[in-house]
2 protein chains.
Amino acid sequence: MPRADSALDLTDDVVTLTAALCDIESVSKGEAAIADAIEAALAELNHLTVTRIGNTLVARTDLGRAERVVLAGHIDTVPLTTDPANLPTRRMDAGGVDVLWGRGTVDMKGGVATQLRVAQEVREPIVDLTFVFYEGEEIDSEFNGLLHVQQQRPDLIDDAAFAVLLEPTDGLVEGGCKGTLRAEITTKGIASHSARPWKGHNAIHDAGEILRRLASYQPRTAVIDGLDYIEALNAVLISGGIAGNVIPDRCVVTVNYRYAPDLSPSEADAHVRTVFDGFDVRIVDNAGGALPGLGLPAAQAFVAALGVEVTGKQGWTDVARFSAMGIPAVNYGPGDPNLAHMDDEQCPVEQLRAAEAAMTRWLTREGA
Amino acid sequence: MPRADSALDLTDDVVTLTAALCDIESVSKGEAAIADAIEAALAELNHLTVTRIGNTLVARTDLGRAERVVLAGHIDTVPLTTDPANLPTRRMDAGGVDVLWGRGTVDMKGGVATQLRVAQEVREPIVDLTFVFYEGEEIDSEFNGLLHVQQQRPDLIDDAAFAVLLEPTDGLVEGGCKGTLRAEITTKGIASHSARPWKGHNAIHDAGEILRRLASYQPRTAVIDGLDYIEALNAVLISGGIAGNVIPDRCVVTVNYRYAPDLSPSEADAHVRTVFDGFDVRIVDNAGGALPGLGLPAAQAFVAALGVEVTGKQGWTDVARFSAMGIPAVNYGPGDPNLAHMDDEQCPVEQLRAAEAAMTRWLTREGA
């Protein structure tokens, strides 16, 4: 029977499968077609039990293993480019490197293809597996399918001892992640005509002290499980003023504090308030980091099996959602993260093959 | 013959006439009806020659006097309030003060009514008179009717020795005005992810030095013809940043320099570039001030006839347009300028009567 255009064949090699996943357009909030295709493909694998929540799929083995591990990846992408669109994918030579080019090849259909190849081929893994294919990662967190599973069916994932998020890491293992806090530091003045400033008080001038504290801030580097987490405190936005002839009565500096995962969100909150002591500080959002958990047996087995370099993850990722559930997690996937979201997104096919091989090696080797 | 609803009767007292002028709605770009009404009223005064340019009217006596004086006022207002609108005008008691309330009562239909009463009543002034009733003062200067006269028919005004702009001054004489220059001071950085700021450079942090220089700036006070012009240099707007997770690559501080009229626009330009030496400075607009010219006989006669306090005008006004033509000019008119543009705009009727009386006294007394 001929397959529908969007059907996936999990017996295809990982490069062909990555291309097929990319070519099912799946910009955030438009993941139904790709979720349908993945669901249909998983339905043919009798060793998996599949649950669908919205356009998010959770597929679990039930082999009675001593440990369970999550392999997670999001199925949405950022929007396509236009004129021309960066889909369909193309296989091309990039300066002597055989690459797959197009939207999603890095972020993160290669990781999803790796998950699906493992689901297809590794029928006797040394641990039980929970695959999560989730929607809505590239947009506001309220749409995040992994969050929806946590909220609606935590039992589907909270029995895992370890999680691998297959976001692009250029083939390295990136342990944990830093937390991220955003705060608005506001100065208030008194508006007046700018020809008569002595009748008012300039809120933008007062913001100079906020910028001075930021410029002189000495960020901490935390070493956890041998990995460096380099903190950062930066102004990311500033706005103030009403009109070109009015002394501004308000200035808001939005700062972003990226903090090592040995700080809790409330400790990060207190730190920012201390740095900006004397100012009006409003915390806008605050998401804790994730500890790498590299001391855990499952993590050590993973790192040993891969045999690649391990570094601290600087950017916040969904590994923090696992960490918040008490599940240590690492980032590992094909593709250069610096190319994520770029118009010219592309991934060396060798990295796709290497990722599949590494995951298979880990999940099948004995005595790990 | 009954008058049309919007017809003006210049024999009405100045308070009634002010109310009638306000009640012809004339928000900027909607001045046709009020210009029609003023044109029709002026047409009945045979001692005046009237020229219309757009919705701006210039009316001139031709009495062969040794000197000519301009009396100028704009006929537009800022937009009305809504729900309820601040028109029609109402006569009311404001804490024991008899006021006329509503849009335009301060800025500046009282001044326009004063001009029209003088046009009606002072048939034998001691100087020749040029009345200018102009559109588009409250919006971008390209719409300014006084500018249009300067550009298209400078001969209608450039033969004057002195000008009075009847903008509200609370009944004082305000001589000249300060100039105003706006500049954008820009810092440039390098964008990067805010979790890895060491890959970028923070343009907002660099703007701290701009704010430091502004906060420590010591403004000059210039004394000209005995009047104080207090300079000011202020940030009026600031903006920078791309997103909450990106190190900002650009920050723009808009500064407003209000400079005494003893500085030319090019001197003011040079001063701002010196203050922000080392930064990218772009001059956005720059309008020179106006000297008070109080040493001139016509100005001295005016001040002597009015017998009121004289101060330096801090805000830029259209007197600078006269100054640029070599015509010294002062601001004098009924209404508290602090109430201009306010929802609750209102003017004591006594100030309207005082303005008419003062102007009449000046223009009719002998041997001035």
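Reminder, nothing fancy here: chain letters follow the sequence lines and each chain counts from 1. Bear in mind that the values here come from a model prediction, so they are computed numbers and not experimental data.
The closest side-chain heavy-atom distance from B:Ser194 to A:Arg258 is below 4.5 Å. Within the 4.5 Å cutoff, the side chain of B:Asp170 has no heavy atoms near those of the B:Asn338 side chain.
Looking at A:His201 and A:Asp206, their side chains do bring a donor and an acceptor atom within 3.5 Å of each other. Side-chain atoms of B:Tyr259 and B:Asn286 form a donor-acceptor pair, as typed in the model, at a separation below 3.5 Å.
If you measure heavy-atom distances from A:Ile210 to chain B, you find no contacts under 4.5 Å at all. Of the atoms belonging to A:Ala203, not a single heavy atom falls under 4.5 Å from chain B. For A:Thr254, no part lies near chain B; criterion is any non-hydrogen pair under 4.5 Å. The parts of A:Asn245 that come within reach of chain B are both its backbone and its side chain, each placing non-hydrogen atoms under 4.5 angstrom from that chain. Both the backbone and the side chain of A:Asn234 come within less than 4.5 Å of a heavy atom of chain B.
In terms of non-hydrogen atom pairs under 4.5 Å with chain A, the most contact-rich of B:Gly208, B:Ala235, B:Pro197 is B:Ala235. Interface check for chain A: of the options B:Pro248, B:Ser239, B:Gly240, the most heavy-atom pairs under 4.5 Å are formed by B:Gly240. Residue with the most contacts toward chain A among B:Ala215, B:Ala243, B:Ala232: B:Ala243 (heavy-atom pairs, distance under 4.5 Å).
Scanning both residues, B:Gly241 and B:Ile204, for their nearest heavy atoms gives N-CD1, 4.2 Å. Between B:Asp225 and B:Leu294 the shortest heavy-atom distance is OD2-N, 2.9 Å.
Under the 3.5 Å distance criterion, the side-chain polar atoms of B:Glu138 are left unmatched by any main-chain donor or acceptor of B:Asp76. Remark: side-chain polar atoms of A:Arg273 are paired, donor with acceptor, to backbone N or O of A:Val281 under 3.5 angstrom.
Using a 30° and 60° split on the angle between ring planes, A:Tyr257 and A:His271 fall in the tilted class, from 30° to 60°.
Interface with chain B: from residues 173-190 of chain A, residues A:Lys178, A:Arg182 qualify, criterion being any non-hydrogen pair under 4.5 Å.
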